[in-house]
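Quick notes on the structure that follows.
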Amino acid sequence: MKISILAHFVVFFLLLSNYQTHSAGDKQSYIVYMGEHESTAADSILGVIGSVFNLHLNFLASIFPHVEEIKDLLVYSYHNVINGFVAMLDDEQAEFLANHTSVVSVLKNTRREMETTHSWDFLGLETKEDADSLLPLKQLDFANKHIKGKFGNWGLPNFGQQTSDDSLWVKTNYGDDLIIGVIDSGIWPEAPSFNDDGLGPIPTKWTGTCEKSGNMVCNRLGIFRKLIGAKSFFQGYEAEVGHMNVSLITARDNQGHGTHTSSIAAGSYVPNVNVFGIGNGTAKGGAPKARIAVYKVCWPSQNDTGGCFDADILAAFDAAIYEGVDVISISLGGSGTEMYMDATALGSYHAANRGIVVVSSAGNDGQPNSVKNVAPWMITVGASTTDRDFSTYVNLGNNMTIKGKSLSDKVLPAGQYYPLIRGADAKTDAATAIDGDLCKGGALDPKKVNGKILVCLRGQTERVRKGYEAAAAGAVGMILINDEQNGNQTLAESHLLPASHIGFASGQLVYAYIDSAKYNAIAYINPLKIEYGTDPAPQMASFTSRGPNPFELAILKPDITAPGVDIIAAYPKSLSPSELESDPRRFDFNVMSGTSMSCPHITAIAALIKAVHPNWSPAAIKSAIMTTATTQGNNNMPILDSTGLPATPFAYGSGHVRADLAVDPGLVYDLTPLDYQDFFCNRGSYPLITRTTSSKIPLPPCGMHSFSVANFNYPSISVPNVNVVSTVTRKVKNVGTPATYTARVEAPPGIAVTVEPETLIFSGIGEEQTFTVSFKPIVRGLPKDFVFGRLTWSDGTHNVSSPLVVKHA
């Protein structure tokens, strides 16, 4: 039964009227989530915003007798699509609201982080202070050349090459008429990547606007614009941190992260782009003619607390859905809570129900069970390397040459060797040896460092900061060595002196040489050079968060991997590439790494697929991306992890994206809003007033029909509880020509797999066929840990592939 907004809130008001006023401790901001309500553009114009706001005030008035304070307690009133509000409550009041049948859930307004690699406490080695002082540091990869191996283009088509007439870009007119919403830290509109050249009129479906605060402009004022919307959401931040200076409240990006991710997804063509004078080429985003709408929810540190707060994230989703975006890209960490208590999961749920694809980052924790953004209606993206390296080779005095990575506009005199010293040997008398090795501020003795190349150990302080401390102590260069936990994953970062970041194994060779040479160790750091054709590629990044899904083992996460290491993209001219205040350098482009960077790669691909297939559901687009992915590198061998061992689906999901195949997948695993609601109900939630966009018919209440998460029609198959025999059901839809598909199974070790039927015959587009997959342990009680295999349906042209993830109950 459909419930009007007014009737819904009247019932809720009556419930609240029974609540007795009390004082129960300090208040903080809570999201009171009540499902979905309907509104149209006319509704908003005629006052729905105001009426809903007033109803929320009435709710709060039933709790707080002092009328004059009520408006101060109400932080947000969600009114477009999402039904709910944010208010300052104490714990008892929040618990009261959470127990009412009219409320789905009550969430604390929690702080989230942007997913870049110099992160907060990354792998337990780098602290929150490091992340706060040095936020994003990497960028887009569409300059010059993309990932090209023996199989052709791994990611988006033909970067830096001649585009053929049948390419995905040509088919979609480079993404023209698409709108990509980016929920992030804002945007730097003057960046060359957001130029308006060659664009048509703004899509007529767009209903959004551009804030004018902080000298923010959406490109030209005419109808031909790249940046068509920009809004800032800060009330949730202020509720927890305190009021900001009004001059800081703007959609303009003062951290670099949002500018970077936006240009990866939809940056315009920019010729003659280079990094420190190296690698000149044309930069462009994955959907170069798509429009960008930015929703700023991330704010710099204030009172030692920056970040992105849930209340603002949900408000951004509410606006983006209403304003007409096609795809939403959100490179922010999830909450690590159940999906109905996670603002990103809730916002993306409403987006998916209205046909909007949501793409999110998997996180940068790098550990098992750490994957974020695990809701099945989102595309969750891990990070992997490209076949391009920013190489800085180190020559040691024993004639050994070691490959590292770095970015720097400083070089040593050609061929001139310098004394080499490790941080522990260069410490002050008051510092510990480990602080010296870590090259912490105040731990280095300039008399010992001056004129030498300093060897620093990764960890505890940000990597570029170590170079700053080395240079301040008089070092002419720095070799940065990974600890064992970080392995051999190295990063190209904008150092202030000649530097080379090398892996753990190489670092042990450097230490051994220093020990053997005693006080006569010498080294030379070669100038930066860009190398293409790295083999093998891609490899999984050490920082990318791994599965299994911590909340639902039957849903494999992440879903896919894409380039996220050493990505070149746009950057604000107001910031230095190192984010250090003492760094005077300013560039239009920078290099950054993180799942934040891999996420917008998939965003662009999803947008291009939507342009070719505008009637496909978000689930169909997701399926196309997942089932056409590859698990092999450019050497025809399995994709490797950063350890050098074969990676698993817990790192890469279905594999590495292949956009050229995803636009024509042959078959798709589809899902509907009803499927999502069933899943939500199964997790203990109750979405109140949800509906499909086309029919505007409310979905039935929870429990109206049976549901099994094992048979949830997901493109990957995860069975965490195999006992004697476990069987799952899936359904595929033909989106290609009539064809006959045959099943091919790579069984997980120790598991016998049976597919019924083994052949699927499709006579037309849109036809659906159901099949079952049965798993039986070869030895009862095994396997004790997860094992992996693959199911592929093939018609000789299309290969529709799903990972199989199995463990004994």
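Atom set for the values below is all heavy atoms of this structure, side chains included, hydrogens, waters and symmetry mates excluded. As the structure is a prediction and not an experimental result, all values here were calculated from the model.
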Q) When you look at V805 and V719, which way does the side chain to side chain contact (heavy atoms under 4.5 Å, CB included) test go after all the steps? A) CA-CA 6 Å; V805 180; V719 185; over 6 Å; no
Q) Where do I525 and M478 land on the side chain to side chain contact (heavy atoms under 4.5 Å, CB included) test, with the steps shown first? A) CA-CA 8 Å; I525 299 175; M478 177 185 68; 5.8 Å; no
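Of the possible polar contacts, one joining the N526 side chain to the Y393 backbone as a donor-acceptor pair under 3.5 Å is found. Side chain of D342 to main chain of T344: a donor-acceptor pair is present (N/O by atom type, distance under 3.5 Å, no hydrogens or angles). Between the side chain of D641 and the backbone N or O of G644 there is no donor-acceptor pair closer than 3.5 Å.
Contact check for T261 versus M597: side-chain heavy atoms found under the 4.5 Å cut-off. Side-chain contact between P538 and I639 is present, with heavy atoms from C-beta onward closer than 4.5 Å. Annotation: side chain of I479 is in contact with side chain of I453 (closest heavy-atom distance under 4.5 Å).
Between Y669 and Y714, the gap from one ring centroid to the other reaches at least 6.0 Å.
A cation-pi arrangement, defined by a distance under 6.0 Å to the six-membered ring centre and an angle within 45 degrees of its axis, is absent between R730 and F771. Both the sub-6.0 Å distance and the 45° axial angle are satisfied by K807 relative to the ring of F786.
With hydrogens and angles left out, the side-chain atoms of N482 and H501 include a donor and acceptor closer than 3.5 Å. Residues S391 and K405 have side chains that never bring a donor and an acceptor to within less than 3.5 angstrom of each other. Side chains of S500 and T392: a donor-acceptor N/O pair is present below 3.5 angstrom, by distance only. Side chains of T628 and R658: a donor-acceptor N/O pair is absent below 3.5 angstrom, by distance only.
In terms of heavy-atom proximity, P649 sits nearest to P803 at CG-CB, 4.1 Å. Taking each heavy atom of T380 and N373 in turn, the nearest pair found is OG1-O, 2.5 Å.
Pairs passing the salt bridge (charged side-chain N to carboxylate O under 4.0 Å, His left out) check and including a residue from residues 777-786, sequence neighbours excluded, do not occur.
The ring-ring contact (aromatic ring centres under 6.0 Å, His included) test applied to F788 returns F650, not counting sequence neighbours.
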